[in-house]
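Naming convention: chains lettered A, B, ... in sequence-line order (proteins, then strands); numbering from 1 in each chain. Keep in mind the model is a prediction, meaning the values are calculated, not measured.
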Number of protein chains: 2
Amino acid sequence: MSRSGADLALLLLGGFRGLVDAATEELARRGYQDVRPVHDFAMRAIAAGADSASDLGRNLSVAKQSAAKTIAVLVERGYVIREPDPHDARRKRLQVTPLGFEVMREGEAIFDELRIRWQRQLGTAEFANFEGQLAKLVGAGSVRFDTPGWMARGLDGSA
Amino acid sequence: MSRSGADLALLLLGGFRGLVDAATEELARRGYQDVRPVHDFAMRAIAAGADSASDLGRNLSVAKQSAAKTIAVLVERGYVIREPDPHDARRKRLQVTPLGFEVMREGEAIFDELRIRWQRQLGTAEFANFEGQLAKLVGAGSVRFDTPGWMARGLDGSA
DNA sequence: GACGATAGACAGCCTGGCTGTCCTTGTCCA
DNA sequence: TGGACAAGGACAGCCAGGCTGTCTATCGTC
C-alpha cells in the first residue's frame with residue numbers, strides 16, 4: 001500500500017470533520033442552530049467538573065482567555081451560568097443549565113447515531129477492533145480544540 | 001464498551017493533531033520554521049494540479065479568497081510562484097518552487113516516519129487493516145482544512 | 001504580615017475563514 | 001458578430017477563536 005503518512009493524517013481529519021459536520025447539521029435541524037461543536041465539548045467539560053475558566057482552559061488545552069470567551073458565549077445563550085464561588089472569592093463557578101444539558105443530550109444522541117452508522121459499515125466486531133486500535137494509537141491524552149489556529153501558528157504552551 | 005460517539009470524534013481529532021503537531025515540530029527542528037501544515041497541504045494540492053487560486057480553493061474545500069490568502073503567504077516565502085497563464089489571461093498559474101518541493105519532501109518524510117511508528121505500535125498487519133478500515137469509513141472524499149472556523153461557524157458553501 | 005501563585009478581566013493583536021462587489025476575460029449561443 | 005453569462009482574481013470588510021501581556025483581587029503558605 002503506497003499510502004503516505006500525510007494521507008493518514010488527512011483520513012483522520014476527514015473522519016473527524018465528517019462526524020462533526022454531520023452532527024452540527026443535524027443539531028441545527030433539530031432546532032439548536034446556535035450550537036457549535038466547540039460549545040458542546042466545552043459544556044461537556046464543564047459538566048464533568050471543569051467549573052472555572054482556568055479549569056476549562058486546562059481541560060481543553062487552550063488559554064484561559066480563550067476559554068473565557070467561549071464561556072461568555074455559553075452564558076449569553078443560557079447554556080451555562082456563572083456564579084460566585086462561596087469558598088473562593090476569586091473564582092466564578094460554572095454550571096450547565098437544564099437547557100445546556102438538553103443540548104448535550106441531543107448532541108450525544110446524534111453522535112451515537114453516527115457511531116452506530118459506522119459500526120454497521122464495518123460490522124460490530126470489526127468496528128470494536130478499529131475503535132480499540134484508534135484509542136491505542138491516540139492514547140487517552142487530552143485533545144486540543146483549536147485548529148486553524150494551531151494549523152497556522154503551531155502550538156504554544158497554553159494557560 | 002461504553003465509548004460514546006463524541007469520544008470517537010475526539011479520538012480522530014486527537015490522532016490528527018498528534019500527527020500534525022509532531023510533524024510541525026520536527027519540521028521546525030529541521031530548519032523550516034515558517035511552514036505550517038496548511039502550507040504543506042496546499043503545496044501538495046498545487047503540485048498535484050490545482051494550479052490556480054480557484055482550483056486550490058475547490059480542492060481544499062475553502063473559499064477561493066481563503067485559498068488566495070494562503071497562496072500569498074506561500075509566494076511571499078518563496079515556496080510557490082505565480083505567473084500569468086499564456087492561454088487564459090484571467091488565470092495566474094501556480095507552480096511550486098524547488099524550495100517548496102524541498103519542504104514537501106521533508107514533510108512527507110516526517111509524516112512517513114510517524115506512520116511507521118504507528119505501524120510498529122499495532123503491528124504491520126493490524127495497522128494495514130486499521131488504515132483500510134479508516135479509509136473505508138471516511139471515504140476518499142475531499143477533506144476540508146479549516147477548523148476553528150468550521151468548528152465555530154459550521155460549514156457553508158465555498159468558492 | 002509578606003510574598004508568591006491563582007482567578008478573572010481588559011486590551012490588543014494575529015490568523016484564517018466568509019461574504020459581497022467589481023473588473024477582466026472566456027465561452028457559447030443566437 | 002455581439003451579447004449574455006460564467007469564471008478568475010483582487011479588494012474591502014467582517015467574524016470567530018486563539019494568544020500575549022498586564023492588572024487587580026484573593027488565597028495560601030512560610
Report summary line: Here the distance between atom P of D/dA7 and atom CG of B/D51, to the nearest Å, is 17 Å

Report summary line: In whole angstroms, the gap separating C1' of C/dA5 from CZ of A/R58 amounts to 12 Å

Query - Partner set under side chain to side chain donor-acceptor pair (under 3.5 Å) for B/N129, not counting sequence neighbours - result: none

Query raised in the report: Just to confirm, is there a sub-4.0 Å distance from OP1 or OP2 of C/dC18 to any side-chain nitrogen or oxygen of B/S66?
Result: yes

Requested in this report: Could you name each residue pair satisfying ring pair (Phe, Tyr, Trp, His ring centres under 6.0 Å) that touches residues 104-132 of chain A, not counting sequence neighbours?
Outcome: A/F130-B/F130

Query raised in the report: Any link between A/I110 and A/L99 through a network of hydrophobic side chains (Ile, Leu, Val, Met, Phe, Trp, Tyr) touching at under 4.5 Å?
Result: yes

Query - salt bridge (Lys or Arg N to Asp or Glu O under 4.0 Å) partners for A/E106, two or more places apart - result: A/R30

Query - Interface with DNA chain C, restricted to residues 88-96 of chain B and to heavy atoms under 4.0 Å - result: B/D88, B/A89, B/R90

Which atom pairs, donor and acceptor, lie under 3.5 Å between side-chain atoms of residues 71-84 of chain A and protein residues at least two apart or in another chain?
{"from": "A/R77", "atom 1": "NH1", "to": "A/D34", "atom 2": "O", "distance (Å)": "2.4"}
{"from": "A/Y79", "atom 1": "OH", "to": "A/D34", "atom 2": "OD1", "distance (Å)": "3.0"}
{"from": "A/E83", "atom 1": "OE2", "to": "A/R93", "atom 2": "NH2", "distance (Å)": "3.1"}

Query raised in the report: Using a heavy-atom distance cut-off of less than 4.0 Å, which residues of residues 73-87 of chain A contact DNA chain C?
Result: A/R82

Query raised in the report: Phosphate oxygens OP1/OP2 of C/dG8: is one of them under 4.0 Å from a side-chain N or O of A/S52?
Result: yes

Query raised in the report: Would you say a side-chain N or O of A/T70 is under 4.0 Å from OP1 or OP2 of D/dG17?
Result: no

Report task. Round to a whole Å and report the spacing from CG of A/L56 to P of C/dT6. Result -> 18 Å

Query raised in the report: Partners of A/Q133 by side chain to side chain donor-acceptor pair (under 3.5 Å), sequence neighbours excluded?
Result: B/E126

Query - Whole-Å gap separating C1' (C/dT15) and NZ (A/K69) - result: 12 Å

Would you mind writing out the side-chain donor-acceptor pairs for residues 40-49 of chain A within the sub-3.5 Å range, not counting sequence neighbours?
{"from": "A/D40", "atom 1": "OD1", "to": "A/R44", "atom 2": "NH2", "distance (Å)": "3.4"}
{"from": "A/D40", "atom 1": "OD2", "to": "A/R44", "atom 2": "NE", "distance (Å)": "3.2"}
{"from": "A/D40", "atom 1": "OD2", "to": "A/R44", "atom 2": "NH2", "distance (Å)": "2.3"}
{"from": "A/R44", "atom 1": "NH1", "to": "A/E108", "atom 2": "OE1", "distance (Å)": "2.2"}

Query raised in the report: Same hydrophobic cluster for B/L137 and A/I116, using side-chain heavy-atom links shorter than 4.5 Å among ILVMFWY?
Result: no

Query raised in the report: Reckon A/A53 touches a base, only the sugar-phosphate, or nothing at all at heavy-atom distances under 4.0 Å?
Result: sugar-phosphate

**Report entry** Between P of C/dA11 and NZ of A/K64, the distance in whole Å
**Finding:** 16 Å

Query raised in the report: Can you find a donor-acceptor pair, distance only, under 3.5 Å between B/Q65 side chain and C/dG16 base?
Result: no

Query raised in the report: Under the salt bridge (charged side-chain N to carboxylate O under 4.0 Å, His left out) rule, what pairs show up with a residue in residues 94-105 of chain A, not counting sequence neighbours?
Result: none

